[in-house]
Amino acid sequence: NFKVRDARIRAELIRRQKAGILGGLGETPAADNPEIPAATTPGTGSDPLFNKQWGMNQLGVQTAWATTKGRPEIVVAVIDTGVDYNHPDLNANMWTNPGEIPNNTIDDDGNGYVDDFYGYDFANKDGDPMDDVDHGTHCSGTIGGLGNNGVGVTGVAWTTRIMAVKFLSASGSGSTSNAIKCIDYA
C-alpha cells in the first residue's frame, strides 16, 4: 500500500470511491487488475517461471534475444526501494563498486559514500541498498534477471549489471532530493 500525501488526490480518490468508481482505498478495482493470461509462447531455457511472465511475451523478448541477451559492461541503475542483491536471479548480475571494500566502514574510493559496494541507500543514508519491500527487486528482475539458470524468472537483458540506488523507504515514501542524489550517484 502507498500513502496518499497530496490532499487533492486523496479527495478525488474518496469522491470516486463514494461514486462506486473505485473500491476501498488500498484496493485495486478488478477492471484495473485483470487476470493475466498465461504466455502463449513456450518459455526459454530452464527458467521455470518464464511461461508466467506474460509481459515478456508481449514485448517479444525472444526475438530480441536472437540478437543479444545483454552485455555485462552495461550497468542499469535501479532507483527504487533498493535491490535484494542476494536474490538467486540477481546476485550474479549485481554491479559492484570496484574501488570499494565491503563492510570495512571506510570510503575506500573517496566518493563520499562509505561501503557503497552494491550502490547506495539515500533513504537511510548508508551503503546498504537492500530492498525493504521487494519492488526494486521485482523491477531489477524484469530488467536484468539472470536467464537460463534454472531458477525463477528471466530478465530482458540476462547479463546486464544492476546498480542498486535506493531513495524509497520501507513505508514507500521518499524525497525528490534523494531521488536526484540517486541520479547523481549513478
Side-chain angles (χ1 to χ4, degrees), residues 1-3 36 43-50 52-56 59 61 64-65 68-186:
N1 291 340
F2 65 92
K3 295 180 182 175
I36 297 174
T44 183
S46 61
D47 295 315
L49 298 177
F50 180 78
K52 296 184 184 220
Q53 291 183 270
W54 180 80
M56 299 293 258
L59 288 172
V61 295
W65 289 337
T68 184
K69 293 180 179 82
R71 297 191 329 244
E73 64 271 16
I74 303 294
V75 178
V76 176
V78 176
I79 300 173
D80 205 294
T81 59
V83 177
D84 180 355
Y85 42 79
N86 295 317
H87 191 286
D89 266 333
L90 296 174
N91 61 0
N93 286 349
M94 289 304 299
W95 169 84
T96 55
N97 183 344
E100 197 68 44
I101 299 168
N103 304 316
N104 70 350
T105 66
I106 297 171
D107 179 14
D108 300 296
D109 61 1
N111 68 352
Y113 303 104
V114 174
D115 288 338
D116 58 323
F117 188 67
Y118 292 108
Y120 198 76
D121 178 349
F122 289 94
N124 296 303
K125 297 174 181 52
D126 63 44
D128 186 12
M130 178 57 80
D131 197 344
D132 297 316
V133 294
D134 296 331
H135 187 268
T137 300
H138 171 84
C139 294
S140 297
T142 301
I143 296 164
L146 188 61
N148 205 24
N149 65 341
V151 176
V153 299
T154 301
V156 172
W158 297 7
T159 58
T160 295
R161 300 281 177 217
I162 300 294
M163 177 192 293
V165 197
K166 178 177 179 172
F167 85 104
L168 295 171
S169 68
S171 67
S173 64
S175 69
T176 302
S177 63
N178 279 344
I180 292 167
K181 289 177 185 174
C182 289
I183 293 167
D184 289 343
Y185 178 89

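Quantities reported herein were computed from a predicted structural model and do not represent experimental measurements.
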Is any side-chain heavy atom of [X] less than 4.5 Å from a side-chain heavy atom of [Y]?
{"X": "Ile79", "Y": "Ile183", "result": "yes"}
{"X": "Lys181", "Y": "Asn178", "result": "yes"}
{"X": "Asp109", "Y": "Asp107", "result": "yes"}
{"X": "Asn97", "Y": "Asn111", "result": "yes"}

- Query: What pairs with Asp115 under salt bridge (charged side-chain N to carboxylate O under 4.0 Å, His left out), at least two apart in sequence or on another chain?
  - Reply: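 Salt bridge (charged side-chain N to carboxylate O under 4.0 Å, His left out) check on Asp115 returns nothing, list empty.
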
Counterpart residues, salt bridge (charged side-chain N to carboxylate O under 4.0 Å, His left out), relative to Asp121 (two or more places apart):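 Residues passing salt bridge (charged side-chain N to carboxylate O under 4.0 Å, His left out) with Asp121: Lys166.
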
Euclidean distance, [Y] [atom2] relative to [X] [atom1], rounded to 0.5 Å:
{"X": "Asp80", "Y": "Cys139", "atom1": "CG", "atom2": "SG", "result": "5.0 Å"}
{"X": "Ile74", "Y": "Thr159", "atom1": "CD1", "atom2": "OG1", "result": "9.0 Å"}
{"X": "Trp158", "Y": "Asp89", "atom1": "CH2", "atom2": "CG", "result": "11.0 Å"}

Next on the checklist: By the ring pair (Phe, Tyr, Trp, His ring centres under 6.0 Å) test, which pairs, at least two apart or in different chains, include something from residues 81-113?
Outcome noted: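 Passing the test, one end in residues 81-113: Tyr85-Tyr118, Tyr113-Tyr120, Tyr113-Phe122, Tyr113-Tyr185.
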
Exam field: side chain [X] to backbone [Y], donor-acceptor pair closer than 3.5 Å:
{"X": "Trp65", "Y": "Ala157", "answer": "no"}
{"X": "Asn104", "Y": "Ile106", "answer": "yes"}
{"X": "Thr137", "Y": "Asp84", "answer": "yes"}
{"X": "Arg161", "Y": "Arg71", "answer": "no"}
{"X": "Thr96", "Y": "Pro98", "answer": "no"}
{"X": "Thr68", "Y": "Ala64", "answer": "no"}
{"X": "Gln53", "Y": "Val153", "answer": "no"}

Determine the minimum heavy-atom distance between [X] and [Y], stating which atoms define it.
{"X": "Asp108", "Y": "Glu100", "value": "OD2-OE2, 3.1 Å"}
{"X": "Val156", "Y": "Met56", "value": "N-CE, 3.4 Å"}
{"X": "Val83", "Y": "Ser140", "value": "CG2-OG, 3.2 Å"}

Run the side-chain contact (heavy atoms from CB on, under 4.5 Å) check on Asp47 and Asn149 step by step: do they pass?
-> CA-CA 6 Å; Asp47 295 315; Asn149 65 341; 2.6 Å; yes

Can you tell me if Asp131 and Thr81 form a side-chain donor-acceptor pair at under 3.5 Å?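 Yes, a side-chain donor-acceptor pair sits under 3.5 Å.
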
